[in-house]
Amino acid sequence: MKIELSATPPFSFTSVVNSHGWARLAPFKTIEGEDDLAYIFRLGNQQVVKLDMEETPNGVSIAIQEEVSVDGVKEIKTAVAWMLALNENFQEFYNLTKSESKLGRVEEKAQGRLLRSPTLFEDTVKTILTTNTSWSGTIRMTESLVTQFGDPLPGRTEQFSFPDPGKIASSNEDTLRNETRLGYRAPYILDLARQVDAGKLNLEALKNSDMSGDQLHKQLTSIKGVGNYAAANLMMLLGHYEYLTIDSWALKMVSQEFFNGDPIRPDDVEGVFEPWGKWKGLAYWLWDWSEE
DNA sequence: GGTAGACCTGGACGC
DNA sequence: GCGTCCAGGTCTACC
């Protein structure tokens, strides 16, 4: 079965896949040197399927080996449109970048869309797993969580979907800490999964919320394990670019580019990108940090 | 509001 | 191979 979806132009599948590291985290899968992207997806009826995505002239095509119901196809279309931000429009941002050489090629490359997971629960878990660790640690912890708690793709027992919140919720801190090896993040992930599973926290509602940026940020930082950096990252994934993902790398790059390498504080980074207003997170993210 | 210390792991480094 | 140090955000306690 093949499903075709169109995107608001300009669109570049490669730019979305390479927008940040998410494509390297399970249950996403990429093949070195190839432009396609796979994802192990669990439908609402618990069926697990593999989505093989590749670029088409107008958007993306999704190849699926398994038989899927009409409702399932609808669900997949909605999920992929969200994951690849197919319907987002960045023209206003592109117009602003024309006068900035460090952002000179973003429109040409159709950059701006950030790859996201089907659910905000998954993106929140993954974001927490990026904090205070190396990238290899994030890959390891995500893989471990998916392998241990995900549902297997039929016939391919080595490939799993991202775990349902309930699966993690029914686990315990000791298992997550010592077997999944999430370390001190274990209670954060467990608490998040239990809140979502119990219906006390409706993360998915935030995807289409009319909350202000500040309200959204406050809501996200109320989650244990989500601080300023993690909340800003999640807001970017939600299409709000008014917060900056300031980590140690950001402080280093901004210091080198704007402050002659002197020590700086997060407020200094904010100040540099303030002129970009509601697009400042994206301006920072897509900035060409290479030396001229 | 600002700051220090703890949290956990992997990688780099020296022996 | 082993021990030590450090980097990486967030939370909590304290001032």
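Every chain is numbered from 1 and lettered A, B, ... according to where its sequence line falls, protein lines coming before strand lines. Keep in mind that this is a model prediction, so the values were computed, not measured.
- Ion pair A/Glu158/A/Arg156 flagged as a salt bridge, since at least one NZ, NE, NH1 or NH2 atom sits closer than 4.0 Å to an Asp/Glu carboxylate oxygen.
- Proximity of a side-chain donor or acceptor of A/Thr147 to a complementary backbone N or O of A/Glu143 within less than 3.5 Å is detected.
- Rounded to whole Å, the distance from CG on A/Leu234 to C1' on C/dG9 is 13 Å.
- Under a 3.5 Å cut-off, the side chain of A/Asp268 and the backbone N or O of A/Ile264 do not form any donor-acceptor pair.
- Nucleic acid contact class of A/Gly225 (heavy atoms, under 4.0 Å, all strands): sugar-phosphate only.
- When the shell of 6.0 Å around CD of A/Glu100 is examined, it contains more than 12 heavy atoms from other residues, nucleotides or ligands.
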Atom pairs and distances, donor-acceptor, side-chain atoms in residues 219-228 of chain A, under 3.5 Å, two or more places apart:
unit_1: A/Thr221; atom_1: OG1; unit_2: A/His217; atom_2: O; d: 3.0
unit_1: A/Thr221; atom_1: OG1; unit_2: A/Lys218; atom_2: O; d: 3.2
unit_1: A/Ser222; atom_1: OG; unit_2: A/Gln219; atom_2: O; d: 2.5

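- A side-chain N or O of A/Ser117 and one of A/Asp123 form a donor-acceptor pair less than 3.5 Å apart.
- A donor-acceptor contact under 3.5 angstrom links the side chains of A/Ser136 and A/Ser134, judged on distance only.
- For the helix from B/dG1-C/dC15 to B/dC15-C/dG1, the end axes, each set by the C1' atoms of five terminal pairs, are bent relative to each other by 30° (nearest 10°).
- Counted by atom type alone, A/Trp287 and A/Glu257 present one or more donor-acceptor pairs between their side chains at under 3.5 Å.
- Within the 4.0 angstrom heavy-atom criterion, no nucleotide atom of any strand lies near A/Ile246.
- Here the range on DNA chain B touched by chain A, meaning any atom under 4.0 Å from one of its heavy atoms, is B/dT3 to B/dG11.
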- Note on the structure: Protein heavy-atom contacts under 4.0 Å, written 5' to 3' over nucleotides 1-7 of chain C as B (base), S (sugar-phosphate only) or - (none), form the string -------
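- Distance A/Asn228 CG to C/dG8 P: 18 Å, rounded to the nearest Å.
- Within a 6.0 Å radius of NZ in A/Lys74, other residues, nucleotides and ligands contribute 12 heavy atoms or fewer.
- A/Gln148 and A/Thr180 share a donor-acceptor pair across their side chains, judged by distance under 3.5 Å alone.
- Side chain to side chain, A/Asn89 and A/Tyr94 fail the donor-acceptor criterion of an N or O pair below 3.5 Å.
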Atom pairs under 3.5 Å, N or O on each side, protein against nucleotides 12-15 of chain C: can you list them with distances?
unit_1: C/dT12; atom_1: OP1; unit_2: A/Lys224; atom_2: NZ; d: 2.6
unit_1: C/dT12; atom_1: OP2; unit_2: A/Lys224; atom_2: NZ; d: 3.2

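- Between A/Arg116 and A/Glu122 no salt bridge is recorded (no basic side-chain N to carboxylate O distance below 4.0 Å).
- Between A/Asp288 and A/Arg105, none of the side-chain N atoms (NZ, or NE/NH1/NH2) sits under 4.0 Å from a carboxylate O, so this pair counts as no salt bridge.
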- Message: For A/His20 and A/Met236: C-alpha separation, side-chain torsions, deciding distance, then whether side chain to side chain contact (heavy atoms under 4.5 Å, CB included) applies.
- Response: CA-CA 11 Å; A/His20 58 146; A/Met236 293 261 285; over 6 Å; no
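- Of the residues in residues 172-197 of chain A, those placing a heavy atom less than 4.0 Å from an atom of DNA chain C are A/Tyr184, A/Tyr188, in numerical order.
- Using a cutoff of 4.0 Å between basic side-chain nitrogens and carboxylate oxygens, A/Glu66 and A/Lys50 are not scored as salt-bridged.
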